[in-house]
Protein chains: 2
Amino acid sequence: MRRVTTAEPRRKRMPKEQRKAQMLDVAEQVFAERGYVAASMDEIAERVGVSKPMLYEYFGSKEGLLTGCVRRARAELLERTRRAITGADGPEEVLRRGLLAFFGFIADHRRSWSLLRQEAAVTVPAAVAEVEGIRRQQTDLIAAVFAGFDPGAAPVVAEAFAEVVVGAAERLALWCERRPEVGPALATDYVMDIVWHGVGRRLAP
Amino acid sequence: MRRVTTAEPRRKRMPKEQRKAQMLDVAEQVFAERGYVAASMDEIAERVGVSKPMLYEYFGSKEGLLTGCVRRARAELLERTRRAITGADGPEEVLRRGLLAFFGFIADHRRSWSLLRQEAAVTVPAAVAEVEGIRRQQTDLIAAVFAGFDPGAAPVVAEAFAEVVVGAAERLALWCERRPEVGPALATDYVMDIVWHGVGRRLAP
DNA sequence: GCAGGTAACTTACTTCCAGTAACCTACTGG
DNA sequence: CCAGTAGGTTACTGGAAGTAAGTTACCTGC
């Protein structure tokens, strides 16, 4: 029996790159709405206006789709950070501008941010290595900047510093979701206060 | 037709609390091994030596089982932290001892730690609220201690401080997995160096 | 030492979804 | 206007989450 569905909107073809971007947009949204586990490939496909095997054609697996989302978002974040710190004058300014760029990015990606963190991939171990690699670019950038300002420091110290800063900022970003009055500027102040000046000055004068 | 399976080891009955603890032990291990998504309830049940509906009897759902693991581990972490900081003399000592207890706990739970973080539950949104609540006890404790030493500070500042410290420590804990030479003591030093003294002193003398 | 109550347990499903095999069609250049 | 192909679909499989209904080990009172 032939299909008799009433003139459904003629399906559109699209160049690959455009389709891919569109899939990532939808996936990011659906993952953020339902969480990775509850999100279904069928729903994502339907919202894109395409059939499920297309998603597999483009991303290989559900996990691959998640990784795709993370990679794209992280690339944007890294790019923004780089632009922000370019031309800054001295370490304090670099740190401040970098943090501001980060919190600004988070504010723009509120809904999906929690999914884009490395930790979101923990439930899918095969993705961890790759996502960790993507994320490492961020900490590497920070470590390099740190080392630039303090050439005498051991590399391991620069790395630790980068991890601490990124961890602090990411955690504070999540916290900001519960504290709408704390915007990017204030969040930056808090981190600078602690990381730059230290709390020793404050708690044990 | 009657079952004819050859004398399988007589199944054992167990008091509820004991069974529950055993299930959590196995689940923590399987989740850590395979990741939340790939872990199967059938496998967990089998390793416990019990049938799947038992897991549902005790925990309601796969997500509930994960939450159970997180809750138990977090309770232990909190307890250790409390014990560690009791009797410490002054804020610097409290911070140092608290961090040391934290990194010590992580070292003991290497395999499962990444799963026990709030972020691991992001893929299962319904669990986030509860897990976040569990985790909040930790930041609340830190915020309270901070406020105790600096009664003039706004509560929001104390909270931000707690988030920064927890974020920094958790991130550094993951990093330590790639850096076996960095044990609890050294990790504590790194965090203290940045959070207590600040990097300003170092980078812009 | 045996009836009966119940806590702890099992078997045998249903449903849903990731992933795939095999086939189809809109669009392009010649 | 035809051939080749990039971009697409339908219809299925396997496996895991979750569940309804029944079963068995253990205890308690007699």
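Chain naming here is simple, since letters A, B, ... match the order of the sequence lines and numbering starts at 1 in each.
- With respect to the salt-bridge test (charged N to carboxylate O, under 4.0 angstrom), the residues B/Arg72 and B/Glu28 qualify.
- Under the 4.0 Å criterion applied to side-chain N and carboxylate O atoms, A/Arg179 and B/Glu159 are assigned as salt-bridge partners.
- A donor-acceptor pair is defined here as one N or O able to donate and one able to accept, closer than 3.5 Å; such a pair exists between the side chain of B/Arg97 and the backbone of B/Ala84.
- Set against D/dT9, C/dT10, D/dT24, the side chain of B/Arg13 has D/dT24 as its closest nucleotide.
- To the nearest 0.5 Å, the span separating CD1 on A/Ile142 from CG on A/Leu95 amounts to 8.0 Å.
- Within the 4.0 angstrom heavy-atom criterion, only backbone atoms of the sugar-phosphate kind lie near A/Tyr58; the bases stay farther away.
- Remark: the backbone N or O of B/Phe59 is not paired with any side-chain donor or acceptor of B/Lys20 at under 3.5 angstrom.
- Here C/dA7 presents its C1' atom at 9 Å from CD of B/Glu57, a figure rounded to the nearest Å.
- Rounding to whole angstrom units, CD1 of residue A/Ile44 and C1' of C/dC17 are separated by 12 Å.
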What's touching nucleotides 12-19 of chain D from the protein side, N or O pairs under 3.5 Å?
from	atom 1	to	atom 2	distance (Å)
D/dA17	OP1	B/Ala39	O	3.3
D/dA17	OP1	B/Met41	N	3.3
D/dA17	OP1	B/Lys62	NZ	3.2
D/dA17	OP2	B/Met41	N	3.0
D/dA17	N7	B/Lys52	NZ	3.1
D/dG18	OP2	B/Tyr56	OH	3.1
D/dG18	OP2	B/Lys62	N	3.0
D/dG18	N7	B/Lys52	NZ	3.0
D/dG18	O6	B/Lys52	NZ	3.0

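- Using a cutoff of 4.0 Å between basic side-chain nitrogens and carboxylate oxygens, A/Arg19 and A/Glu57 are not scored as salt-bridged.
- Judged as a ring pair (Phe, Tyr, Trp, His ring centres under 6.0 Å), not a single pair has a partner in residues 37-57 of chain A (not counting sequence neighbours).
- The interatomic distance linking A/Met54 (CE) with C/dA18 (P) rounds to 17 Å, in whole Å.
- To the nearest angstrom, P of C/dC27 lies 14 Å from CD of A/Gln18.
- Distance NZ (A/Lys20) to P (D/dA6): 16 Å, rounded to an integer number of Å.
- Distance A/Met14 CE to C/dC27 P: 12 Å, rounded to the nearest Å.
- As rounded to whole Å, 15 Å separates atom P of C/dA7 from atom CD of B/Glu17.
- Within 3.5 Å, no donor on the side chain of B/Arg19 pairs with an acceptor on the base of C/dA8, nor the reverse.
- Atom CD in A/Glu43 sits roughly 10 Å away from atom P in C/dA18 (whole-Å rounding).
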